[in-house]
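Below: the structure, in structure tokens.
Labels below follow one simple rule: chain letters A, B, ... track the order of the sequence lines, proteins then strands, and each chain is numbered from 1.
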Number of protein chains: 2
Amino acid sequence: MNKKLYRLKMILQKKEIRPTYQRLKIFEYLHQSKEHPTVEMIYNNMVKKIPTISKATIYNTINLLVEKGLIVPLAIPDSDTRFESNVGWHHHFLCERCGKIIDLDIKCEYFEKREIQGHRIKELHGYFKGICRKCLESKELV
Amino acid sequence: MNKKLYRLKMILQKKEIRPTYQRLKIFEYLHQSKEHPTVEMIYNNMVKKIPTISKATIYNTINLLVEKGLIVPLAIPDSDTRFESNVGWHHHFLCERCGKIIDLDIKCEYFEKREIQGHRIKELHGYFKGICRKCLESKELV
DNA sequence: TTTCGTGCAAAGCATTTGCAAGTAG
DNA sequence: CTACTTGCAAATGCTTTGCACGAAA
């Protein structure tokens, strides 16, 4: 675990980000969490470990990490922005029943393309909305 | 043109929305505009035609139209939400140079699917970010 | 030592809400 | 007439900013 933290510290330094305790802990949390947390969720989690931490620091840090390309924001209508450390291109599934966001492991023909209809592609985002497998299964039991 | 307005009025009534002048004009604007306007853009456009209109009415109306499924919101990180009346599934391209949002006329294998890895699909959203064809061309002239 | 980051409180904005007056059916 | 909608202003809530103190290089 210490080795992993050290690795994260190196990543920050490589991007010229001072690896303060707060930043490292936030970055660590984003790496170990699979729940695509909101700012609120990050804050609630951090307060447990660092009781004096402020929301301003959370905002400052995630903004910095996004700028440096170390995390990615996920915009969803009528919902708070979420963040993830998995910066590789992939799609998402949002369950409208349980609210979870699931990383989809599907191929997309555009993942390899650098151009579409003459436009140069720099980013690609895709998400599905509906009811996830688990919710469907539990509904069938009712 | 009157015929078109009448058609829009019918659409509102079918969804049990009282076709007030403000609502009809906002709905009309969203139908004729191809620029995927923000709330701000809708307001600025409406004020020209209805000088007394308030932002609250714009918000009330678009929220209602979204609820009823007559328009679709488009969430983009670090950018205001945009709206469009084209509710059919399609992808978008966002140019980071000129800021335009372009409807893409491409097929997607998931447009016809109703399930993905066991999850039931109700909505599908995809967008590319990069530099649009026009901006690439004008850059090449420099 | 010097520069940068943190935490607090205040400021800024977009969006929502409450309400009196006006409008649609 | 009765219920709903509008426009205004106030309230709300998320995010950013200014600043003094503290921490990192």
Side-chain angles (χ1 to χ4, degrees), chain A residues 5-6 8-29 36-68 70-71 73-83, chain B residues 5-6 8-29 36-68 70-71 73-83:
Chain A
L5 254 194
Y6 181 76
L8 294 179
K9 194 175 172 180
M10 288 298 108
I11 294 174
L12 294 183
Q13 287 180 326
K14 204 172 287 179
K15 292 281 186 175
E16 294 174 307
I17 298 173
R18 278 200 194 176
T20 65
Y21 186 64
Q22 288 86 336
R23 286 171 174 172
L24 200 51
K25 281 306 202 183
I26 292 169
F27 195 38
E28 183 192 26
Y29 169 58
H36 308 79
T38 61
V39 170
E40 196 64 25
M41 290 157 82
I42 298 170
Y43 176 74
N44 290 337
N45 229 281
M46 285 304 116
V47 166
K48 292 179 198 162
K49 299 165 192 163
I50 313 168
T52 57
I53 206 168
S54 69
K55 277 241 179 105
T57 297
I58 309 287
Y59 278 106
N60 287 338
T61 301
I62 61 172
N63 287 344
L64 186 63
L65 293 174
V66 169
E67 269 171 44
K68 298 286 189 176
L70 294 177
I71 63 173
L74 239 94
I76 308 160
D78 297 316
S79 175
D80 292 333
T81 302
R82 288 159 170 275
F83 300 88
Chain B
L5 254 192
Y6 181 76
L8 295 178
K9 194 174 172 181
M10 290 297 109
I11 294 174
L12 294 183
Q13 287 180 326
K14 204 171 286 178
K15 291 282 186 176
E16 294 174 305
I17 298 172
R18 277 201 193 176
T20 65
Y21 186 65
Q22 287 87 337
R23 286 172 175 171
L24 200 51
K25 280 309 203 182
I26 292 169
F27 196 39
E28 182 191 25
Y29 169 58
H36 308 78
T38 61
V39 168
E40 196 64 26
M41 289 157 84
I42 298 171
Y43 176 73
N44 290 337
N45 230 281
M46 286 303 116
V47 166
K48 290 179 199 161
K49 298 165 194 165
I50 313 170
T52 57
I53 205 167
S54 70
K55 277 241 177 105
T57 297
I58 308 287
Y59 279 106
N60 287 338
T61 302
I62 60 172
N63 286 345
L64 186 63
L65 293 175
V66 170
E67 270 171 42
K68 298 286 188 176
L70 294 178
I71 63 173
L74 241 96
I76 307 158
D78 297 316
S79 175
D80 293 333
T81 302
R82 289 158 170 272
F83 300 87

Query raised in the report: Phosphate oxygens OP1/OP2 of D:dA23: is one of them under 4.0 Å from a side-chain N or O of A:Arg18?
Result: no
Query raised in the report: Rounded to whole angstrom units, what separation is found between the CD1 atom of B:Ile53 and the P atom of C:dG22?
Result: 18 Å
Report task. Take A:Lys55 and A:Glu40, measure what side chain to side chain contact (heavy atoms under 4.5 Å, CB included) needs, and give me the verdict at the end. Result -> CA-CA 8 Å; A:Lys55 277 241 179 105; A:Glu40 196 64 25; 3.0 Å; yes
Requested in this report: Looking only at non-hydrogen atoms, find the nearest pair between A:Phe83 and A:Val39 and report the distance.
Outcome: CE1-CG2, 3.9 Å
Report summary line: Rounded to whole Å, the CZ-C1' distance (A:Arg82 to D:dC14) equals 16 Å
**Report entry** d(NZ, B:Lys25; P, C:dT23) in whole Å
**Finding:** 18 Å
Query raised in the report: Please give, in whole Å, the distance from C:dG7 C1' to A:Tyr43 OH?
Result: 10 Å
**Report entry** B:Tyr21 OH to D:dC4 C1', straight-line distance once rounded to whole Å
**Finding:** 20 Å
**Report entry** Flag if over 12 foreign heavy atoms under 6.0 Å of NZ, A:Lys9
**Finding:** no
Query raised in the report: Any side-chain N or O of B:Gln22 under 4.0 Å from OP1/OP2 of D:dG7?
Result: yes
Report task. Take B:Ile62 and B:Ile42, measure what side chain to side chain contact (heavy atoms under 4.5 Å, CB included) needs, and give me the verdict at the end. Result -> CA-CA 10 Å; B:Ile62 60 172; B:Ile42 298 171; 4.0 Å; yes
Query raised in the report: Is the shortest side-chain N/O distance from A:Ser54 to OP1 or OP2 of C:dC8 below 4.0 Å?
Result: no
Query raised in the report: Whole-Å distance between C:dG5 P and A:Leu12 CG?
Result: 12 Å
Report summary line: Between B:Ile26 and B:Thr57 the two heavy atoms that sit nearest each other are CD1-O, 4.4 Å
Requested in this report: Kindly say if B:Thr20 contacts the phosphate of D:dT6, meaning a side-chain N or O under 4.0 Å from OP1 or OP2.
Outcome: yes
Report task. Round to a whole Å and report the spacing from CD of B:Glu16 to P of D:dA3. Result -> 17 Å
Query raised in the report: Hey, which of these two, A:Ile17 or A:Pro51, hits DNA chain C nearer its 5' end, going by closest nucleotide?
Result: A:Ile17
**Report entry** Separation of atom CD in A:Gln13 from atom P in D:dA24, rounded to whole Å
**Finding:** 12 Å
Report summary line: Taken to the nearest 0.5 Å, the spacing of B:Ile53 CD1 from B:Tyr43 OH works out to 8.5 Å
Query raised in the report: What string of B, S and - do you get for nucleotides 14-19 of chain C, 5' to 3', if B is base contact, S is sugar-phosphate-only contact and - is no contact with any protein heavy atom under 4.0 Å?
Result: SSBB--
**Report entry** Helix axis bend for the helix from C:dT1-D:dA25 to C:dG25-D:dC1 - C1'-based end axes, five pairs, 10° rounding
**Finding:** 40°
